[in-house]
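One-based numbering, in listed order, for ligands and for the atoms of each. Nothing fancy with the numbering, it's 1 onward along the sequence.
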Amino acid sequence: MSLVLFNDLTRKKEKFTPIKPGQVSFYSCGPTVYDYFHVGNARPFIVFDVLRRWLEHEGYKVTFVQNFTDIDDKMIHRAKKDGITVSELAERFIAEYNKDADALGVRRPDVSPRATEHIPEIIHTIERIIANGHAYVSEGDVYFDIRSWPKYGSLCKQNLEDLEAGARVELGEKKRDPLDFALWKAEKPGEPSWESPWGRGRPGWHIECSAMSSKYLGDNIDIHSGGVDLMFPHHENEAAQSEAASGTDKPFVNYWLHNGFLLIDSEKMSKSLGNFLTARAAIEKYPPLALRFFMLSAHYRSPINFTPESLEQAAAGVTRLRNCMSDLDFAAKTRSDDSSAFDVSKYRADLEELHGKFADAMNDDFNTAAAMGVLFDVVYLINTSLKENDKLPAEFFTLSKNALAEYDAILGVIGDDAAETEHDDESAEIERLIQERADARKAKDFKRSDEIRDSLKARGIVLEDTPQGTKWKREL
Ligand code: AMP
Ligand code: ZN
């Protein structure tokens with residue numbers, strides 16, 4: 001089965017065909033860096049990271065661009081409140097974004113462009129739109145002329161009349177039609193501004209994505225993604241701007257993908273509603289991989305409910321995966337024996353069948369919920385094989401570890417390198433304590449050996465004495 005994606009432009013699942021064979025141009029709207037991001041914002045960062053990894057796994061060369069919005073009303077507001085410049089604020093929260101995204105195992109984009117570093121490109125894009133007759137200058141502002149763009153509304157599937165009914169003119173806006181939106185805003189006292197052909201000012205909200213997408217990926221790209229709240233007006237406006245600027249009939253984007261909302265108490269998690277938990281706070285409370293596990297346990301387009309129970313379940317899931325890895329490691333050291341009667345060809349065939357199911361799930365509009373289910377089928381197969389066989393051939397261990405590693409390179413829920421190092425340090429310490437306990441038992445110092453067992457138990461580590469030695473596990 002080849003990859004199909006649900007395209008919001010057609011509201012249908014479509015076979016994915018890239019513009020250039022073997023390559024994918026992929027733009028995802030990034031954060032406005034005025035504060036820590038919340039768990040709702042983390043959803044697009046995580047799910048589209050997984051889509052990017054899947055495309056790479058399938059052999060595509062992916063160029064993944066995710067911007068930082070570092071100039072807008074929220075940035076200006078917050079900088080004023082904190083008594084710092086907008087660029088100091090951006091610097092600070094870009095660093096915080098990277099810290100949290102790294103902890104969540106979100107790979108850094110190939111390009112992370114910032115709006116304020118692309119003012120010439122933004123101005124150039126606006127000039128192209130004006131030259132093509134789709135924008136007008138009004139007292140230092142520049143507006144997109146909606147009435148000149150019959151396709152407006154084609155992404156959000158609404159007609160101009162309905163959109164018009166919901167539009168309003170903000171104080172100080174000098175536009176011809178309530179739906180027209182600002183490409184450039186004339187300077188206001190005390191706000192950052194740049195020189196432009198229309199006087200000093202700053203970019204409007206949407207233009208940066210059009211300008212930066214075109215600079216790094218070209219005027220016609222494969223995939224553009226973001227949360228479903230960005231479909232209107234942000235993405236509708238981006239499409240209008242980009243297509244009006246390029247002046248060709250090529251669409252700006254071939255596949256539009258939007259993730260559903262992360263809900264808390266049945267409401268969208270958002271800064272404005274005040275019902276948010278920052279990713280930083282969530283990571284302090286739950287293992288970061290549990291957060292990632294939780295996000296991937298639902299289909300990216302479905303709404304997902306953030307509850308303490310679901311996070312605890314996800315944490316238990318991560319532990320189960322890690323335990324399977326450590327059981328495998330332990331057994332590889334103690335029970336690997338090529339004289340085993342284990343039917344390795346059957347095992348290989350079973351893994352291959354599961355591999356096919358995993359690929360089918362990911363190719364079906366990257367259904368990570370189903371893919372995670374397959375990962376647990378693999379874990380079940382490994383666990384039963386370990387349980388039912390005293391000895392296992394070396395190939396069993398190689399096949400099992402490779403399978404887990406391959407799935408984890410895409411989902412990233414078992415452990416990245418950083419987590420592994422931390423894990424390894426802790427594992428080494430636990431192994432030392434287990435050795436000390438064995439020595440104490442040999443010396444009949446049962447007080448000490450019990451003490452070690454109890455102290456590990458208090459840390460959620462349980463010991464199991466087997467004929468091959470003592471094995472440890474994290475409690476679920
Ligand atoms: P912002 O920094 O507000 O532009 O948001 C960054 C990304 O998070 C955008 O793609 C939003 O659509 C997305 N987003 C915001 N709130 C939620 C939520 N509650 N659930 C899922 N995605 C969200
Ligand atoms: Zn954008």
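On a distance-only criterion, Gly226 and ligand 1 share no N/O pair closer than 3.5 Å. Considering both main-chain and side-chain atoms, Pro31 never comes within under 3.5 Å of ligand 1 through any nitrogen or oxygen pair. The N/O atoms of Asp229, backbone and side chain alike, include one that comes under 3.5 Å of an N/O atom in ligand 1.
Taking every non-hydrogen atom of Thr32 and a distance limit under 4.0 Å, the qualifying atoms of ligand 1 come out as 2 (O), 4 (O). In summary, the atoms of ligand 1 found under 4.0 Å from a heavy atom of Met269, numbered by their order in the structure, are 16 (N), 18 (C), 19 (N). Listed by number with element, the atoms of ligand 1 under 4.0 Å from a non-hydrogen atom of Phe261 are 18 (C), 20 (N), 21 (C). Applying the 4.0 Å criterion to heavy atoms of His38 picks out, from ligand 1, the atoms 16 (N).
For residue Cys209, an N/O/S atom approaches the Zn ion (ligand 2) to within less than 2.8 Å.
A cation-pi contact, defined as under 6.0 Å to the ring centre and within 45° of the axis, is absent between Arg52 and Phe26.
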* In sequence, state the C-alpha distance, the side-chain angles, and the governing distance for Trp54 and Asn363, and then conclude on side chain to side chain donor-acceptor pair (under 3.5 Å). => CA-CA 9 Å; Trp54 177 244; Asn363 280 330; 3.1 Å; yes
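Residues Arg107 and Asp49 are not paired through a salt bridge, judged by the lack of any N-O separation under 4.0 Å between the basic side chain and the carboxylate. For the pair Arg114 and Asp70, the salt-bridge criterion is not met [side-chain N within less than 4.0 Å of a carboxylate O]. Under the 4.0 Å criterion applied to side-chain N and carboxylate O atoms, Asp102 and Arg108 are assigned as salt-bridge partners. Remark: Lys61 does not engage Asp110 in a salt bridge, criterion side-chain N to carboxylate O under 4.0 Å.
Evaluated by nearest non-hydrogen atom to atom 7 (C) of ligand 1, the leading choice among Gly260, Pro303, Gly227, Pro44 is Pro44.
Relative orientation of the Phe48 and Tyr300 rings is perpendicular, given thresholds of 30° and 60° on the angle between their planes.
Checking Thr69 against Glu208 by side-chain atom types alone, a donor-acceptor pair falls below 3.5 Å.
Counting heavy atoms under 4.0 Å from ligand 1, residue Lys271 does not touch it at all. By the criterion of a heavy-atom distance under 4.0 Å, the side chain of Asn259, and not its backbone, is placed next to ligand 1.
In terms of distance to the Zn ion (ligand 2), the nearest N, O or S atom of Glu238 is named OE2.
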